[in-house]
Amino acid sequence: MCWGLIPHWAKDASRGSKLINARAETVLTKPSFRDSFRFRRRCLVPADGFYEWKREGKKSTPYRIALPGKEVFAFAGLWDRWDSPEGSVFSFTIITTEANESMKEIHNRMPVILSDEEEYIEWLETGDLRALKKILRPYEGRLHIYPVSKLVNSPKNDMPELILEETAR
DNA sequence: CCAGACGTTGTT
DNA sequence: GTCTGG
DNA sequence: CCAGACGTTGTT
DNA sequence: GTCTGG
């Protein structure tokens, strides 16, 4: 299973392997994603956080974003299977949406975050378009946003905890 | 029709 | 596979 | 933007 | 460090 969705119709696996994000706003219409979306090739991509860069002039500072009190959550993903004579390749992509209030401090986009069982099941199982679209909105819970000295450093290196925003909605 | 694209990000 | 642009 | 490469040889 | 590709 590899990150970077390869549409089932792709001529070769390499081209599609660059589709690492899908916009929530257009996922219904883009040829690369819509079948996966409609025909329930939806998936959960487990995560304990993600990184985003804040641009300040010429500098970009990496931040780690986590959900307070949640060791693990999930990104909303789509998958597909690409068949070739040599075998099948399964691949997936992550859906992005506009940033919520907290994330706007950092960046204008963010992954679609699912944080409880109910959402997981609905994302995977529902056939109702309205319900699906509702899921693909900016996360409404709290986020912890930590500056990171260097992204390449392991998270074990002391990571100053600076909570930019903790507003619940 | 038929070849070529099919995606996102941020920046200008 | 299906849509778009020329 | 940001991740990933950052090279040459000889062959087609 | 800097360029390239996506």
Side-chain angles (χ1 to χ4, degrees), chain A residues 1-67 73-114 123 127 129 132-139 143-157 159-160 162 164-165:
Chain A
M1 180 63 91
C2 55
W3 187 7
L5 188 139
I6 305 161
H8 59 87
W9 41 260
K11 289 208 177 76
D12 63 288
S14 57
R15 209 201 78 78
S17 67
K18 300 300 153 46
L19 304 177
I20 58 172
N21 292 135
R23 290 176 67 90
E25 295 89 334
T26 54
V27 82
L28 261 166
T29 54
K30 294 293 179 183
S32 296
F33 305 127
R34 63 184 168 191
D35 286 357
S36 291
F37 186 77
R38 292 212 47 223
F39 304 127
R40 300 194 187 188
R41 291 194 294 270
R42 303 187 288 264
C43 63
L44 303 172
V45 181
D48 61 3
F50 59 97
Y51 296 95
E52 201 51 82
W53 278 254
K54 179 177 186 175
R55 201 160 197 294
E56 294 152 313
K58 286 190 172 182
K59 287 178 193 170
S60 286
T61 314
Y63 289 81
R64 181 178 136 79
I65 296 97
L67 305 198
F73 56 93
F75 299 132
L78 299 172
W79 63 273
D80 209 342
R81 191 187 73 207
W82 183 79
D83 293 317
S84 79
E86 291 77 38
S88 299
V89 180
F90 288 85
S91 59
F92 69 93
T93 190
I94 281 170
I95 302 179
T96 62
T97 188
E98 68 176 299
N100 67 14
E101 285 304 311
S102 311
M103 275 301 292
K104 279 178 186 163
E105 300 283 327
I106 307 297
H107 199 65
N108 63 333
R109 305 289 297 173
M110 71 187 295
V112 172
I113 293 170
L114 310 177
W123 173 239
L129 271 187
L132 287 169
K133 286 184 180 177
K134 192 178 171 187
I135 293 173
L136 297 184
R137 292 184 312 187
Y139 185 63
L143 295 175
H144 275 178
I145 302 177
Y146 307 86
V148 180
S149 52
K150 270 188 187 176
L151 186 56
V152 288
N153 287 349
S154 100
K156 287 187 173 182
N157 297 356
M159 189 161 48
L162 187 143
L164 290 183
E165 185 164 57

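Here is how names work: the chains are called A, B, and so on, in the same order as the sequence lines, proteins then strands, and each is numbered from 1. The analysis underlying the following values was restricted to heavy atoms, covering all of them including side chains, and did not include hydrogens, waters or symmetry mates.
A gap of 30 Å separates the C1' atoms of D:dT12 and B:dC2, to the nearest Å. As rounded to the nearest Å, E:dC3 and D:dT9 have P atoms that lie 23 Å from one another. If you take atom C1' in B:dT8 and the same atom in D:dA3, they sit 14 Å apart, rounded to whole Å.
Rounded to an integer number of Å, the gap from A:M110 CE to B:dT8 P is 17 Å. The nearest whole Å value for the distance from the NE2 atom in A:H107 to the P atom in B:dT9 is 7 Å. Rounded to an integer number of Å, the gap from A:K54 NZ to B:dT11 P is 13 Å. The distance from atom CD1 of A:I6 to atom P of B:dC6 is 17 Å, rounded to the nearest whole Å. Taking atom CG on A:L78 and atom P on B:dT8, their separation rounds to 11 Å, with Å as the unit. Regarding A:E52, its CD atom lies at a distance of 13 Å from the C1' atom of D:dA3, rounded to whole Å. Atom P of nucleotide C:dG1 and atom CG of A:L5 are separated by 16 Å, given to the nearest angstrom. To the nearest angstrom, C1' of B:dT8 lies 16 Å from CD of A:E98.
Minimum atom distance to the side chain of A:P31 is reached by B:dC6, of the listed B:dT8, D:dC2, B:dC6.
Side-chain atoms of A:I95 and A:W123, non-hydrogen and from C-beta on, do get closer than 4.5 Å to each other.
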Strictly under 3.5 Å: I want the nitrogen or oxygen pairs between protein and nucleotides 4-6 of chain C, one per line.
none

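OP1 or OP2 of B:dT8 sits under 4.0 Å from a side-chain N or O of A:T26. For B:dC6, the OP1/OP2 oxygens have no side-chain nitrogen or oxygen of A:R34 closer than 4.0 Å.
Annotation: the span from A:N21 atom CG to A:R109 atom CZ amounts to 9.0 Å, rounded to 0.5 Å. With rounding to the nearest 0.5 Å, the separation of CZ in A:F92 from SG in A:C43 is 7.0 Å. Between A:L67 atom CG and A:L143 atom CG the span is 6.0 Å, to the nearest 0.5 Å.
Partners of A:T97 under the side chain to side chain donor-acceptor pair (under 3.5 Å) rule, at least two apart in sequence or in another chain, do not exist in this structure. By the ring-ring contact (aromatic ring centres under 6.0 Å, His included) test, A:F33 is found to be paired with no residue, residues two or more places apart in sequence or in another chain being considered. Residues passing the side chain to side chain donor-acceptor pair (under 3.5 Å) test with A:K104 are A:E101, sequence neighbours excluded.
Using a 4.0 Å heavy-atom cutoff across all strands shown, A:N108 reaches sugar-phosphate atoms only and no base atom. Among the atoms of the strands shown, none is found under 4.0 Å from any heavy atom of A:T93.
Listed by first residue number, the stems of DNA chain B with at least three Watson-Crick or G-U pairs below 3.5 Å are B:1-6 with C:1-6.
Within the 3.5 Å criterion, the main-chain N or O of A:I20 finds a donor-acceptor partner in the side chain of A:T93.
A:F75 and A:F50 have perpendicular rings, their planes meeting at more than 60° on a 0 to 90° scale where under 30° would count as parallel.
Residue pairs meeting the salt bridge (charged side-chain N to carboxylate O under 4.0 Å, His left out) criterion with at least one member in residues 26-46 of chain A, sequence neighbours excluded, are A:R41-A:D80.
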